[in-house]
Amino acid sequence: MTDEIARGLEGVTVAETRLSSIDGDEGELIIGGFPLAELAGNATFEETVFLLREDRLPDEGELASFRADLASRRGIEPETRETLRAAAQRELPAMDALRMGVAAANLGDDAGESGDPETDSLTAIAVLPTIVATYWRCRQGAEPVEPRTDLGHAANYLYMLEGEVPDDAAVRGLETYLNGVVDHGLNASTFTARCIVSTESDVFSAVTGAVGALKGPLHGGAPGPVLDMLLDIHESGDPAAAVHERLDAGERLMGFGHRVYSVRDPRAAVLSEAAESFYADAGNADFFESAREAERVGAEALAEHRPDLNLETNVEFYTAVLLHGIGIPRELFTATFGVARVGGWTSHCLEQLSDNKIVRPRARYVGDEGREWTAVGER
Ligand code: COA
C-alpha cells in the first residue's frame, strides 16, 4: 500500500463502470456504449435512463411501461410542497430548495416499499423535476402546477414550469440536454452518491448528498455566469473587444477550458448543434449567432493569451445558450443539471450496490503526538 497522497483523488481509479467513458485527449464521451452524438439527439430521457439501468435500449412495450412507471411517481407530498414554498418565500437558491425537496421525497412511501434501491432510484428521477418546478412556481408567486402523466419526462418538466404544454422543438432541445449531461464518469457528485450508498445507506440520502456536491461553483455552478457573459458580449455589439476586455481585466472566459478535456468538450458540440436547430426553429437566430461568434473570438483570444494551453468551449457554454433559448430561467440552470444527472447518480448507486465495498480511503496524519491533558482552568 502506497502512502503517496493523491490530492482530489486525481488519477485514482476506484471503480469499474459500464455507464460512461471519457477520453479527454480525443474529446470522446461514451454513454451506455453509445458515442454521445449518437445518443443525445435521438433518445428520449426515459430511453437513456432505461439504457443506463438495463444496459440496453427498451423495446416499444418496455418503453411504454417504463414511461408510465416513472410518470406515476411524479407527485410530491403536501409537506414537501410546503417546504419548497417556504424556501421560495425566503428566496433561497434553487439548489438549496432541491436539496430540501429531495431529502423529503420519500415522505409518502409505504413502510414496505421505502428503502428498495431500484424503486427509490426511479422515484428520485421522477420527482426531481416536480421539486424544481414547484419551488420555481412559488418563487414566481404562482401556484404549483400538478404533473401530468400523459406527458414525457422532459415535456412535463417544461409544462410544470410554464403551466403550458411546450412545443416539440423545446422538448427535443431539453431531451438532448438531459441526455448530454446524464453521466460523466466519477465526477464529484457521482462519487458522493456512490460513497453514501457504499455504507448501505439509502438512495434518497445519496441523491441529497449529490445535490449538495453539485451545488458548488467548481462543479455545477458555471452555466449561469456563462449566460451573463454571453448576454454582455451580445449587448456590447463588439464580441472581440468584450472578450479581450475580460481577459485584460484578469477574468476567465466562462465556458472555456476543462479539467479532463484537452480538446473541445464533446458535449459542447452536441449541445451547440441542438441549440442551433432550436434557435433556427424558433426564428430567433440572433443570440445563437452571437454566442457562436463569442466562441470563435474567445478561442482566438485564449490562444493568444495562453498559447501553452488549448482552451476550448466546455459543456457549460452551450448549456447556457440552449437552456436560455428553451426558456429555462438562469436561476434553475444548476437544478436542471441535477434533473438530468440524477439519472447517472442513481444508476451509479445501483452499480455500486451490485458489487459493494464501503468507500474508506486513508489520510496521512500530520498533527502533533503525545499531548498531555490540562484542566480547563489551567490552559
Ligand atoms: N479563461 C481564461 N484563462 C483560463 C481559463 C479560461 N476559461 N481556463 C483556464 N485558464 C487559465 C487559468 O487562468 C490558469 O492560469 P495560471 O496558470 O496563470 O493560473 C490556467 O489556465 C490553468 O487553469 P486551472 O484552473 O488551473 O486549470 P483547470 O484545468 O483546473 O481548469 C476550469 C479547468 C474549467 C476550472 C477552467 O478552465 C475555468 O475556470 N474555466 C472557466 C469556468 C468554466 O467554464 N467552468 C465550467 C467547467 S465545465
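In each ligand, atom 1 is the first atom listed, and ligand 1 is the first ligand listed. Every value quoted in this text rests on a predicted model; they were computed, and no experiment measured them.
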Please say whether the positively charged group of R379, taken as NZ for Lys or CZ for Arg, lies over the ring of W373, i.e. under 6.0 angstrom from the six-membered ring centre and within 45 degrees of the axis.
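Yes; both conditions hold, so R379 lies above the ring face of W373.
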Just to be sure I read this right, does ligand 1 sit under 4.0 Å from the backbone of D265, its side chain, both, or neither, counting only heavy atoms?
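The answer is neither.
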Could you see which bit of R252 sits under 4.0 Å from ligand 1, with heavy atoms only: side chain, backbone, both or neither?
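Both backbone and side chain of R252 come within 4.0 Å of ligand 1.
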Closest approach of any protein heavy atom to [atom], naming residue and atom:
{"atom": "atom 45 (N) of ligand 1", "answer": "A222 CB, 3.7 Å"}
{"atom": "atom 47 (C) of ligand 1", "answer": "N314 ND2, 3.6 Å"}
{"atom": "atom 22 (C) of ligand 1", "answer": "L309 CD1, 4.2 Å"}
{"atom": "atom 7 (N) of ligand 1", "answer": "L253 O, 2.7 Å"}
{"atom": "atom 34 (C) of ligand 1", "answer": "G257 O, 3.5 Å"}
{"atom": "atom 33 (C) of ligand 1", "answer": "R259 N, 3.8 Å"}
{"atom": "atom 9 (C) of ligand 1", "answer": "L311 CD2, 3.8 Å"}
{"atom": "atom 44 (O) of ligand 1", "answer": "G255 N, 2.7 Å"}

Between ligand 1 and [X], is the shortest N or O to N or O distance under 3.5 Å?
{"X": "R306", "result": "yes"}
{"X": "E251", "result": "no"}
{"X": "M254", "result": "no"}

Does the ring centre of Y261 sit less than 6.0 Å away from the ring centre of H184?
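Ring centroids of H184 and Y261 are less than 6.0 Å from each other.
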salt_bridge(R172, E175) N-O dist < 4.0 Å
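Salt bridge flag = no for E175 with R172.
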I'd like to know if R85 pairs up with E143 as an ion pair, taking the criterion as any Lys NZ or Arg NE/NH1/NH2 lying under 4.0 Å from an Asp or Glu carboxylate oxygen.
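The answer is yes: the pair qualifies as a salt bridge.
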Hey, are Y318 and E295 close enough side-chain-wise for a donor-acceptor pair under 3.5 Å?
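Distance-only check passes for E295 and Y318.
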Element-labelled atoms of ligand 1 that are located less than 4.0 Å from some non-hydrogen atom of L302
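Numbered from 1, ligand 1 contributes 1 (N), 2 (C).
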Can you list the atoms of ligand 1 that are under 4.0 Å from a heavy atom of E316?
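So the answer, numbered in order with elements, is 46 (C), 48 (S).
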Quick one: does T134's side chain have a donor or acceptor within less than 3.5 Å of a partner on P144's backbone?
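No; judged by distance alone, with no hydrogens or angles, the pair does not exist.
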Distance-only, no hydrogens or angles: does the R53 side chain make a donor-acceptor pair with backbone N or O of E118 under 3.5 Å?
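Yes.
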With rounding to the nearest 0.5 angstrom, report the CG to CG distance, N284 to D281.
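Result: 11.5 Å between the selected atoms.
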How many angstroms lie between CZ in R73 and CD1 in I125, if you round to the nearest 0.5 Å?
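Rounded to the nearest 0.5 Å, the CZ-CD1 separation comes to 10.0 Å.
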Verify atom 40 (N) of ligand 1: protein non-hydrogen atom under 4.0 angstrom away
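Within 4.0 Å: yes, protein heavy atom nearby.
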I'd like to check atom 28 (P) of ligand 1 in this structure: does the protein have a heavy atom lying under 4.0 Å from it?
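For atom 28 (P) of ligand 1 the answer is yes, since some protein heavy atom falls inside 4.0 Å.
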Least distance between heavy atoms, T130 atom then R74 atom
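Result for this residue pair: OG1-O, 2.8 Å.
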Distance-minimising heavy-atom pair for A154 and L178:
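Looking at all heavy atoms of both residues, the closest pair is CB-CD1, 4.1 Å.
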